[in-house]
Amino acid sequence: MAPELQGKVAIVTGGSSGIGRGIANRLAARGCHVVIIGRNQKALDEVAAEIGGTAFRCDVTDGERLHEVAQTIQTRFGRLDILVNNAGIGPTARIAANIWSVINGLSAFLPLLQDSSDPTFVLNTSSISGMFTAPTIGGYATTKYAVVAISETLAAEMAQAGGKTRVSVFLPGPVRSNIHESVRNRPQELGEGHLKSIRLEDAEGFENVTIPWMDADEAGEIAVSNMLAGSLYIWTHPEGAGAISERFRQIEHSIEESKAR
């Protein structure tokens with residue numbers, strides 16, 4: 001049975017749009033006070049007002065600033081029950097922010113979760129591309145593979161520590177969001193770089209995707225309900241995981257071949 005969330009406190013990074021907003025909505029509907037973190041102050045304020053939450057403008061790649069936010073949350077609320085490391089970007093180029101947003105989030109907020117006497121939760125957003133890759137999305141997939149590895153390792157470590165903090169990794173497939181516009185949030189001091197914003201539907205290899213695109217609120221409900229149920233891996237589109245199954249079969253086959261040599 002899922003735990004009661006009335007009066008609990010949750011953090012959702014990247015919570016002002018897309019999947020993050022969907023997750024924030026579903027947590028708030030269950031009685032959580034949701035703290036949303038992001039870079040767009042107008043959007044943050046809008047969502048915070050809509051769900052009765054709290055907004056902090058913060059770049060999740062700034063670990064020092066996230067620690068400041070953690071101190072403020074500890075002072076203001078005295079607790080943290082759920083951490084959703086959702087912030088990420090998706091241009092077809094190098095995107096280290098997808099890794100450091102998770103690392104920095106865990107560094108800043110995991111101690112608050114561990115201080116709680118109640119069960120707590122970590123949900124890290126990866127992607128179905130964190131389990132298999134395709135041409136042109138190597139940079140994106142590399143970071144999402146890393147989020148899966150971080151989540152699996154943390155889940156094992158939290159189990160060793162007694163299992164009070166449960167860890168899940170979210171592996172969404174095609175979800176309608178504005179991740180294709182994420183280059184707009186690139187800090188100006190980093191220069192233009194070589195990043196390119198693109199809608200996933202328009203990316204090479206995705207033109208003929210047949211699995212249905214999902215609304216962000218529906219994805220948020222899947223994420224929250226499965227997190228509360230204690231699932232390590234959470235999928236929005238299990239029907240689209242054939243490439244993952246094939247990858248695992250190839251790995252198993254290579255292991256058997258190695259044994260036979």
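Everything numeric in this text was worked out from a predicted model, so none of it was measured.
- The closest side-chain donor-acceptor pair between Thr120 and Thr165 falls under 3.5 angstrom.
- Checking side-chain atoms of Arg57 against main-chain N and O of Arg39 turns up a donor-acceptor pair under 3.5 Å.
- Side-chain atoms of Gln71 and His67 form no donor-acceptor pair, as typed in the model, at a separation below 3.5 Å.
- Here the straight-line distance linking atom CD of Glu46 with atom CG of Asn40 works out to 9.0 Å at 0.5 Å rounding.
- Residues Met158 and Val122 form no side-chain contact, since every pair of their non-hydrogen atoms from C-beta on lies 4.5 Å or further apart.
- In this structure, Asn25 and Ile51 have side chains that are in contact, with non-hydrogen atoms separated by less than 4.5 Å.
- Between Ser129 and Ile137 the shortest heavy-atom distance is OG-CD1, 3.7 Å.
- Side-chain atoms of Ile73 and Thr54, non-hydrogen and from C-beta on, never get closer than 4.5 Å to each other.
- Separating the OG atom in Ser245 from the CD atom in Gln250 is a distance of 11.5 Å, to the nearest 0.5 Å.
- Tested against Ile37, the residues Asn85, Asn86, Leu66, Asp59 include a single side chain to side chain contact (heavy atoms under 4.5 Å, CB included) partner, Leu66.
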Could you go through Ile11 and Leu112, starting from their C-alpha distance and side-chain angles, then the distance that decides it, and tell me whether this counts as side chain to side chain contact (heavy atoms under 4.5 Å, CB included)?
CA-CA 11 Å; Ile11 288 174; Leu112 299 186; 5.6 Å; no
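- Of all the heavy atoms in Val175 and Trp213, the pair that sits closest is N-CE3, 3.7 Å.
- Looking at Thr143, its side chain never comes within 3.5 Å of a backbone N or O of Ile99 through a donor-acceptor pair.
- Here the side chain of Lys144 pairs no donor or acceptor atom with the backbone of Thr133 at under 3.5 angstrom.
- To the nearest 0.5 Å, the span separating OG1 on Thr61 from CG on Asn98 amounts to 11.0 Å.
- Side-chain atoms of Ser168 come within 3.5 Å of backbone atoms of Ser231 as a donor-acceptor pair (strictly under, hydrogens ignored).
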Tell me, with the steps shown, if Leu27 and Lys8 meet side chain to side chain contact (heavy atoms under 4.5 Å, CB included).
CA-CA 9 Å; Leu27 288 170; Lys8 305 292 188 182; over 6 Å; no
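- Within 6.0 Å of atom CD in Glu257, more than 12 heavy atoms from other residues, nucleotides or ligands are found, so the atom counts as buried in its surroundings.
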Using side chain to side chain donor-acceptor pair (under 3.5 Å), reason through Asn124 and Ser151 one step at a time and then give a plain yes or no.
CA-CA 7 Å; Asn124 296 325; Ser151 302; 3.0 Å; yes
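- When every heavy atom of Arg249 is checked against every heavy atom of Gly242, the shortest pair comes out as NH2-O, 4.4 Å.
- Between Pro174 and His237 there is a side-chain heavy-atom pair separated by less than 4.5 Å.
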CA sep, side-chain torsions, deciding dist, call: Glu246, Phe132, side chain to side chain contact (heavy atoms under 4.5 Å, CB included)
CA-CA 10 Å; Glu246 177 58 30; Phe132 79 102; over 6 Å; no
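- Closest non-hydrogen pair, Val34 versus Ala28, comes out as CG2-N, 3.8 Å.
- Across all their heavy atoms, Ala70 and Ala108 have their closest contact at CB-O, 3.4 Å.
- At a threshold of 4.5 Å between non-hydrogen side-chain atoms, the residues Arg76 and His33 do not count as touching.
- Residues satisfying the salt bridge (charged side-chain N to carboxylate O under 4.0 Å, His left out) test with Arg26, not counting sequence neighbours, are Glu221.
- Rounding to the nearest 0.5 Å gives a distance of 14.5 Å between CG of Asn226 and OH of Tyr233.
- Distance alone, capped at 3.5 Å, is enough to place a donor-acceptor pair between the Thr13 side chain and the Ala87 backbone.
- For the pair Met227 and Phe170, the minimum side-chain heavy-atom distance is 4.5 Å or more.
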List the steps and the verdict of side chain to side chain contact (heavy atoms under 4.5 Å, CB included) for Ile128 and Ile244.
CA-CA 9 Å; Ile128 196 170; Ile244 298 171; 3.8 Å; yes
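- We find the NE2-OG distance between His253 and Ser258 to be 9.5 Å, quoted to the nearest 0.5 Å.
- Between atom OG of residue Ser127 and atom OH of residue Tyr145 there is a gap of 10.5 Å, rounded to the nearest 0.5 Å.
- For the pair Thr72 (side chain) and Glu68 (backbone), a donor-acceptor distance under 3.5 Å is present.
- The minimum heavy-atom distance linking Ile82 with Leu113 is given by the pair N-CD2, 3.7 Å.
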